[in-house]
Amino acid sequence: MRVRLTYDSLRKYLLKKVTSVVYIANLMHKKLLVGVSGGKDSAVAAHLLSLLREKFNFDIELLHINLGIKGYSNDSLYSCKLLSKKLGLKLNVLDLKEEYGKGIDDLSVELKGKGVPVCSACGTIKRYLMNKFAFDHNFDFVITGHNLDDESSFLLQGIKEQQVELLLRNNVFSPARLEFKLVAKAKPLYFIPEELIKKWALMNDLPLVSAKCPHSVGNKQLINKEILELINKKLNYKVDFRNSLVKTFFEIQRIMRNDSRDDSKDHITKLNTPKLKKCRVCGFATTTDVCRFCRIMGLG
Ligand code: SF4
Ligand code: ZN
């Protein structure tokens, strides 16, 4: 059922959800690096954490990665600068093309030729650079703006592709493995549906990029989100199927962790801590000889 929310009731609801992640991931007194794209999710994640900053004694900075996408990247950077000013949080900027000689537009032709979806490569690049920046500057956590719609559509994709290991690895946070230069990650909006994030961004007049990334067409996650919305509509919004999906997988993980009758406890521990080694080229975490970032950027 859809309820009418006032500013105060929405604020209370959102802060409660974010606070639950603060406790699950143990974010108190930590140095947080929030990845901001210019979009609503990361802006709202930064905003809500900034509202809890004093209560939990966070140290928060923002990181924006200029991806080199024509008609999109400049607008995104501009929105992030406005956001940083509005929230009073320091903005760090990394320019992919300046640092590595190629932006997403430059890489897209090459990627399409190899049958690699641009968004999948872009996701790897963003994750790698956020982690590297956080590691190099001693942050305790990388914070991303993934919301309930992202996480449930990711689970739906995993079911479609029968990728059980990925499904069981999905979580609100992942711990650090500093011996592999891997910083801990947390998703404060994990339990919050996209429509409420949109509402909060509007209510607070958060500066958002209006341009759309030209590479987003045909993104699998967008199709999954439409499927989930159709299911919710068919259920007359009496049940939130996104919530059901996420909670079901949490429960499966919990049962597997607590099951002492067989070796499934060891199994899930192994799934959550994949066998890592150091990339031969950059020295950061990978499961292969050379990490995916180095391969995409043609390094080494
Ligand atoms: Fe990157 Fe795809 Fe997002 Fe564009 S839509 S910024 S290519 S992940
Ligand atoms: Zn590497």
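Ligands are counted one by one from 1 in listed order, and the atoms in each one are counted from 1 as well. Everything numeric in this text was worked out from a predicted model, so none of it was measured. This chain uses plain numbering: 1 for the first residue, then up along the sequence.
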Do me a favour and list the nearest non-hydrogen protein atom to [atom] with residue, atom name and distance?
atom	value
atom 2 (Fe) of ligand 1	Cys119 SG, 2.3 Å
atom 1 (Fe) of ligand 1	Cys122 SG, 2.3 Å
atom 8 (S) of ligand 1	Lys126 NZ, 3.6 Å

**Q.** Degrees at the Zn ion (ligand 2) between the SG atom of Cys279 and the SG atom of Cys294, nearest 10°
**A.**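 Between SG of Cys279 and SG of Cys294, at the Zn ion (ligand 2), the angle is about 110°.
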
Q: Kindly report the SG-the Zn ion (ligand 2)-SG angle for Cys291 and Cys282 respectively, rounded to 10°.
A: 110°

Q: Check whether any N, O or S atom of His215, backbone or side chain, sits closer than 2.8 Å to atom 1 (Fe) of ligand 1.
A: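 Checking atom 1 (Fe) of ligand 1 against His215, no N, O or S atom falls under 2.8 Å.
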
Q) Quick one: CG on Leu107 to OH on Tyr100, what's the gap to the nearest 0.5 Å? A) 12.5 Å

Q. Looking only at heavy atoms, is any part of Cys213 under 4.0 Å from ligand 1, and if so is it the side chain, the backbone, or both, or is it neither?
A.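 It is the side chain that touches ligand 1; the backbone stays farther off.
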
Q) Does the gap between the ring centers of Tyr23 and Phe56 come in under 6.0 Å? A) yes

Q) Centres of the Tyr190 and Phe250 rings: under 6.0 Å? A)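 Centroid separation for Tyr190 and Phe250: below 6.0 Å.
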
Q.
Restricting to non-hydrogen atoms, name the atom on Gly35 and the atom on Ser42 that form the minimum distance, rounded to 0.1 Å.
A. O-CB, 3.1 Å

Q.
I need the minimum non-hydrogen distance between Lys181 and Gly283, along with the two atoms involved.
A.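 Closest pair (atom of Lys181, atom of Gly283, distance): CD-O, 3.7 Å.
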
(Q) Can you confirm whether the side chains of Asn204 and Lys86 place a donor and an acceptor under 3.5 Å from each other? (A) no

